[in-house]
Every structure is written in C-alpha cells, then in structure tokens.
Amino acid sequence: MSIPKISEFTIRRYANAKSYQRGEAYFESGAVDTISRRGNLLHAEVDGSEGRPYRVSLNFEGHSLTSANCTCAYNFDGWCKHIVATMLVCVRQPEIIEHRPTLEQLLDRLDHIQTQRLVQELVAEHPQLIDTIDRHVIWMTNPAPQGKKLKSLRQHSIDTNPVRRQVRQIIHDGVRYFEDGCEEDPIAEELLSLVQSAVDLTERGEGNQAIAVLEAITSTCIENWYEVAEYGADYDEIAWELNNAWCEAILTAELSDEEKVDIQVNLEVWQDEWDVDFGLSLDALHQGWDYPPLVEVLQGKISERGVWDAKIPDYADDLALIRLKILERQERYQEYLYLAEAEGQTRQYLTMLGRLGRVEEALAVAQTEMNSMEEAFALGKTLQEQGALQQALHIAQIGLHLKGNCQYDLGLWTSDLAQKLGDQTTALQAKKLAFQVHPSLEEYQNIQNLAGDEWERVKPDLLKTLRVYSAWETAPIKVDIFLHEGLIDEAIAIANELNIYHTDVIHRVMDAAIPHRPEWVITHACRHAEAIMDAGKAEYYDAAVDWLKKARAAYLASNRQTEWSNYHTKLMAIHARKRKLMGMLHGRDME
C-alpha cells in the first residue's frame with residue numbers, strides 16, 4: 001500500500017508559516033532519523049531540542065490522512081515542525097520510508113508456543129510488562145468486573161439513570177476516539193463537567209442529591225473504565241476532582257448513621273478497585289462537623305495542631321479550604337476566621353477580615369503573618385473594595401517585596417492605585433518592579449510618561465534590567481526598546497544571534513541600521529539572499545528579494561549606486577537560468 005498523495009500545498013494549509021519554515025529546515029538538515037510504515041500507521045523519530053527524539057504518528061485510511069500527532073509540547077495552530085518535517089519526507093523522499101509488517105502480520109507467523117515464548121522473552125527483557133499483561137488478561141477473561149458489592153444509596157428524589165447513561169456514553173465515545181489514533185485524552189473534560197454539576201448541587205445546599213449524582217458518576221466510571229484502560233486513559237485528575245466533590249457534598253448533606261456507613265463502604269471499595277486515595281472524603285465523613293478538635297477550633301479555642309489530634313495528613317489544607325468554602329456559604333464568618341487562623345490559611349483569614357470591614361485588624365495581622373505576594377494582592381484588592389484605598393496601597397507595597405509569582409500583575413495594580421491617590425513616587429517604583437519581570441515597549445513608554453522630568457534618571461535602570469533579562473522570545477522585546485532609544489549597535493548585536501525564523505525582527509533592525517551601519521546591512525542581507533538563491537529554493541525567492549531590497553537600500557544610502565549595480569548584474573549572470581528569480585530581479589525597485 002502506497003502513501004496517499006499529499007501535496008506541499010496541503011502541508012502549508014495545515015501548518016502556520018513559522019511551523020512550515022522550521023519543519024522544512026528540519027527536513028533539510030536530516031532531522032527525521034527513522035521513518036517506517038506498518039499498514040495504515042506511519043511512525044517517525046525526529047531529532048529536536050530534547051535529548052530524546054520526538055515521535056510522530058500519521059494515520060492513513062484509504063487515500064486520506066486521518067490524524068497526525070507528535071509527542072512534542074506544541075499546542076498552537078496547525079501541525080508542529082516535527083509533523084511538517086515528516087510530511088515533507090513523505091512528499092519528497094517517499095522511497096526512504098521503510099515498510100514493515102503490521103502486528104497482526106507478525107503474530108500470524110507464530111504458532112501458539114512461539115507466541116507464549118515471545119511474551120515470556122519480552123517480560124524477561126521488560127519486567128514491568130507483567131503488570132500490564134496481568135490487567136489485560138483480567139479484562140479479556142472477565143470484561144466487566146463487578147468487584148465488591150456496593151451499598152445502594154438513597155436517591156433523594158433525583159433520577160441518576162441519565163447520569164449513568166451519560167458516563168457510559170462518554171467512555172464508549174472515548175474508545176472510538178482512541179481507536180482513531182488520537183493521543184489526547186477525550187474523556188476527562190466531559191467527566192469533569194459532570195462532576196461540576198454535582199458540585200453545583202452542593203453549592204445550592206442540595207448535598208444529598210449531589211451525593212446521589214456522585215455515586216452514579218463514580219461507580220459507573222469504575223465499572224466501565226476497563227474499556228479505555230488498555231488505551232492508556234488516565235483517571236488521576238478525575239479521581240482527584242471526585243474526591244474533592246465528595247468531600248464538599250458530605251460536609252453539606254444531612255446524613256443518617258446508616259448512610260454514612262454506606263458511603264464509607266463505597267469509598268473504600270472504589271479506592272481499592274481504582275487504586276486511588278479517597279482519604280480526604282473519608283476523613284470528612286468520619287469527622288463531619290462534630291469532630292472534637294474541630295468543635296473547639298470553631299469555638300475559638302485554637303492550639304498549635306489546629307483541628308488535628310493525630311498525624312496531620314497531606315490533604316489537610318484541601319480539607320480546610322473546603323470547610324471554609326462551606327462556612328462562607330453559610331455566613332458563619334467568625335467560625336470561618338477561627339478555622340482559617342487555626343489551619344494557617346493566611347490569605348483566606350486576611351481577606352475575610354477585610355470583607356467584614358475589620359480593616360485595622362487585617363493590617364495588624366498582615367504585619368506579622370503575611371508571607372507572599374499572592375496574600376498581599378488578595379488583601380489589597382479586598383481593602384480597595386471596602387474603600388480603604390490608602391491601607392490597600394500600604395499592603396501592596398509590602399507585598400511587592402515578598403516572595404511570589406504575581407509581581408507583574410501586583411506591580412501594575414499597585415501603580416494604578418498609587419496614581420489614583422496622587423502618590424507618583426510609589427506608582428513609578430511599582431511600574432519598575434513590574435517591568436523587571438515582564439518588560440515590553442508599551443510598559444517602557446508608560447514608565448517614561450509617568451516619570452516625566454525624572455526620566456533621564458530612571459531610564460538607565462530600565463535599560464540595565466533589559467540587558468540582563470532572559471526569557472523565552474526576549475529578542476523582539478529588546479529590539480523594540482533598543483530601536484526606540486536609538487541604540488542601533490545593541491539592536492544589531494541581538495540580530496546577529498537570530499536565525500531566519502526571526503526574519504521580521506532582523507528586517508526591523510536593518511531598516512533602522514541603514515543610515516548608521518549600512519555595511520552591516522549589506523553583508524548580512526546579501527548572505528541571507530545568496531543562501532536562498534544558491535540552493536534554488538524557488539518557493540523562497542520572494543524572501544531572497546526582500547533581503548536584496550534591504551541591501552540595495554543600504555548601498556544607495558551610502559552613495560554606492562555603482563557597487564549595487566555591479567552586484568545586481570553579477571547575480572543576474574549567476575542565476576540566469578532561474579526564470580522565476582529573473583523576473584523578480586528585473587523589477588524597477590531592484591535596478
């Protein structure tokens with residue numbers, strides 16, 4: 001079976017311009033290490049920036065390509081560069097694709113004893129396979145395991161059969177999705193949406209109905225998961241969200257002792273069958289709201305151990321946050337404060353003080369207990385909502401010098417607030433701190449406008465920050481600012497380190513450099529143009545001409561018309577047989 005006809009036009013249509021350019025560069029450099037086809041599946045290994053090659057999978061059906069996937073982290077529009085490089089091999093060098101037998105064809109060559117020996121040898125070489133084989137044998141010999149008998153929960157006037165049918169349908173659709181060769185998980189998003197519907201019931205105070213829905217989702221998931229397990233479907237995120245949803249529903253519902261026992265049995269069975277941890281929900285079930293240490297805390301009797309009289313579990317913070325959510329919903333604000341204080345939930349404690357209008361108390365606690373930018377940002381916004389603007393600004397100023405990951409957002413917010421209060425010094429300092437973590441020409445100009453007469457004093461610090469700043473795709477940012485300031489040599493230094501994937505940035509630097517550094521423009525523009533023309537890449541001749549236009553402008557700006565004419569004539573002679581290129585070089589703006 002031959003590779004279906006795929007044109008380079010099709011590849012360009014499914015990849016953005018940058019991915020196509022990079023993919024072609026990968027193809028030209030021989031980055032597609034191995035490429036083989038087994039039936040309708042084509043696999044390739046493409047060298048990239050990581051130590052291990054990326055794996056590309058193409059799925060064909062008849063004369064059509066049905067899917068294209070890569071193990072890289074690319075998540076933008078269209079195909080990644082590794083898929084493009086693989087597709088270009090299919091179009092330009094199909095003869096190097098190695099055709100290999102399918103798994104079915106390989107197994108057909110073996111008899112029963114040889115097949116057993118093959119499996120035994122594979123397990124000897126890869127011992128971890130025994131667990132996978134164990135699971136598959138169980139599923140194949142007993143495709144719908146029932147496990148331990150679950151307790152049936154009272155439905156509380158809600159019909160959960162539609163929920164069960166929906167879960168089964170989601171899993172069945174997932175099987176078809178996986179069989180079509182898609183590697184992304186199609187199940188989690190839809191199941192999590194169902195879990196959220198149970199959370200919505202809980203938040204409306206309908207905890208018992210939420211429990212009925214959660215029981216339907218959890219049990220149906222586990223009963224039917226064998227269908228997608230063999231495809232590698234992951235349930236960790238689903239189990240995590242179920243655990244949290246169960247915890248909140250349990251702490252909201254009114255449960256009899258018998259119902260508590262039924263839920264405990266079910267949770268313990270599920271965590272055994274799915275090999276997950278429902279400890280958060282089980283602790284919520286055991287403790288409820290009558291757990292003695294918790295009762296004492298809610299009465300304001302706070303000890304160093306908070307609400308725990310035994311070992312503090314890893315999920316203690318999660319349980320505390322769920323309890324706080326419920327207390328807030330029930331407007332039990334003083335108990336909320338006691339619990340937040342006891343469990344070290346500083347952000348929740350401070351913001352609740354602010355929302356209750358206890359501003360001075362919040363400020364006093366913040367002086368000793370606030371430890372992060374995030375806590376300061378949350379309290380500052382709460383105080384602003386309460387109209388305590390000066391206090392909000394004070395907290396924000398403190399926060400900008402704490403650890404955290406919101407320096408940019410906090411800096412901008414603080415600057416805006418300070419300007420409203422007429423504090424230009426603080427506004428300027430906050431903007432500078434924001435610029436340190438996320439520089440841009442827009443923010444640079446905003447700081448310039450804010451600094452006013454102080455600009456010449458402020459500017460050196462910003463430029464120093466910019467020169468040492470390093471992050472993904474920083475070159476365009478630095479070039480923007482250096483060109484804005486007329487620092488041509490510094491912009492050129494950056495451009496010298498860029499490749500053709502940053503052509504637009506290099507062109508901007510050249511446009512600015514033509515009056516000052518024409519020789520640099522001529523040298524680099526001609527080098528890029530000649531590389532394209534010498535390789536005979538007709539589809540890139542327009543790019544070559546763009547480079548030549550930069551060189552021509554630099555020649556003319558330095559009063560070297562004759563040299564340009566001689567160079568132009570030389571190019572015409574060298575590439576006379578390239579008709580497409582000749583038509584472009586004959587243009588009026590190229591003479």
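These numbers come from the heavy atoms of this one structure, side chains and all, not from hydrogens, waters or symmetry mates.
- For CD1 of I113, the number of neighbouring non-hydrogen atoms (other residues, nucleotides, ligands) closer than 6.0 Å is 12 at most.
- Between W270 and W246, the ring-plane angle classifies as tilted under the 30° and 60° cut-offs.
- Of the options I11, L42, V32, a side chain to side chain contact (heavy atoms under 4.5 Å, CB included) to C90 is made by L42 and by none of the others.
- Residues forming a ring-ring contact (aromatic ring centres under 6.0 Å, His included) with Y408 (at least two apart in sequence, or on another chain): H438.
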Run the numbers on E24 and R92 for salt bridge (Lys or Arg N to Asp or Glu O under 4.0 Å), then give the verdict. CA-CA 11 Å; E24 185 167 48; R92 300 180 185 178; 2.6 Å; yes
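- Looking at residues two or more places apart in sequence or on another chain, you find a side chain to side chain contact (heavy atoms under 4.5 Å, CB included) between K325 and V199, E203, E248, R329.
- From I322, atom CD1 reaches atom CD1 of I250 across 10.0 Å, with rounding to the nearest 0.5 Å.
- Remark: D200 CG is packed, more than 12 non-hydrogen atoms of other residues, nucleotides or ligands lying under 6.0 Å away.
- Aromatic ring orientation, Y54 versus H82: tilted (interplanar angle from 30° to 60°).
- In this structure, a donor-acceptor pair under 3.5 Å is present between the side chains of R323 and Q287.
- Under a 4.0 Å N-O distance rule, the pair K403/E375 does not qualify as a salt bridge.
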Pairs under 3.5 angstrom only: tabulate donor-acceptor contacts from the side chains of residues 276-285 to other protein residues two or more places apart or in another chain.
residue	atom	partner	partner atom	Å
D277	OD1	G279	N	2.7
S281	OG	N243	O	2.7
S281	OG	N243	OD1	2.6
S281	OG	C247	N	3.4
D283	OD2	Y315	OH	2.5

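- Q120 and Q116 are not linked by any side-chain donor-acceptor pair at a separation below 3.5 angstrom, with hydrogens and angles left out of the test.
- For the residue pair T220 and R165, no side-chain donor N or O sits within less than 3.5 Å of a side-chain acceptor on the partner.
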Set out, in order, the CA-CA distance, both residues' side-chain angles and the distance that settles side-chain hydrogen bond (donor to acceptor under 3.5 Å, both in side chains) for D317 and Q345, then state yes or no. CA-CA 8 Å; D317 286 339; Q345 302 299 325; 3.0 Å; yes
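- Within a 6.0 Å sphere centred on CG of D275, other residues, nucleotides and ligands contribute 12 heavy atoms or fewer.
- Of the residues listed (N244, I238, L242), the one engaging W240 in a side chain to side chain contact (heavy atoms under 4.5 Å, CB included) is N244, and it is the only one.
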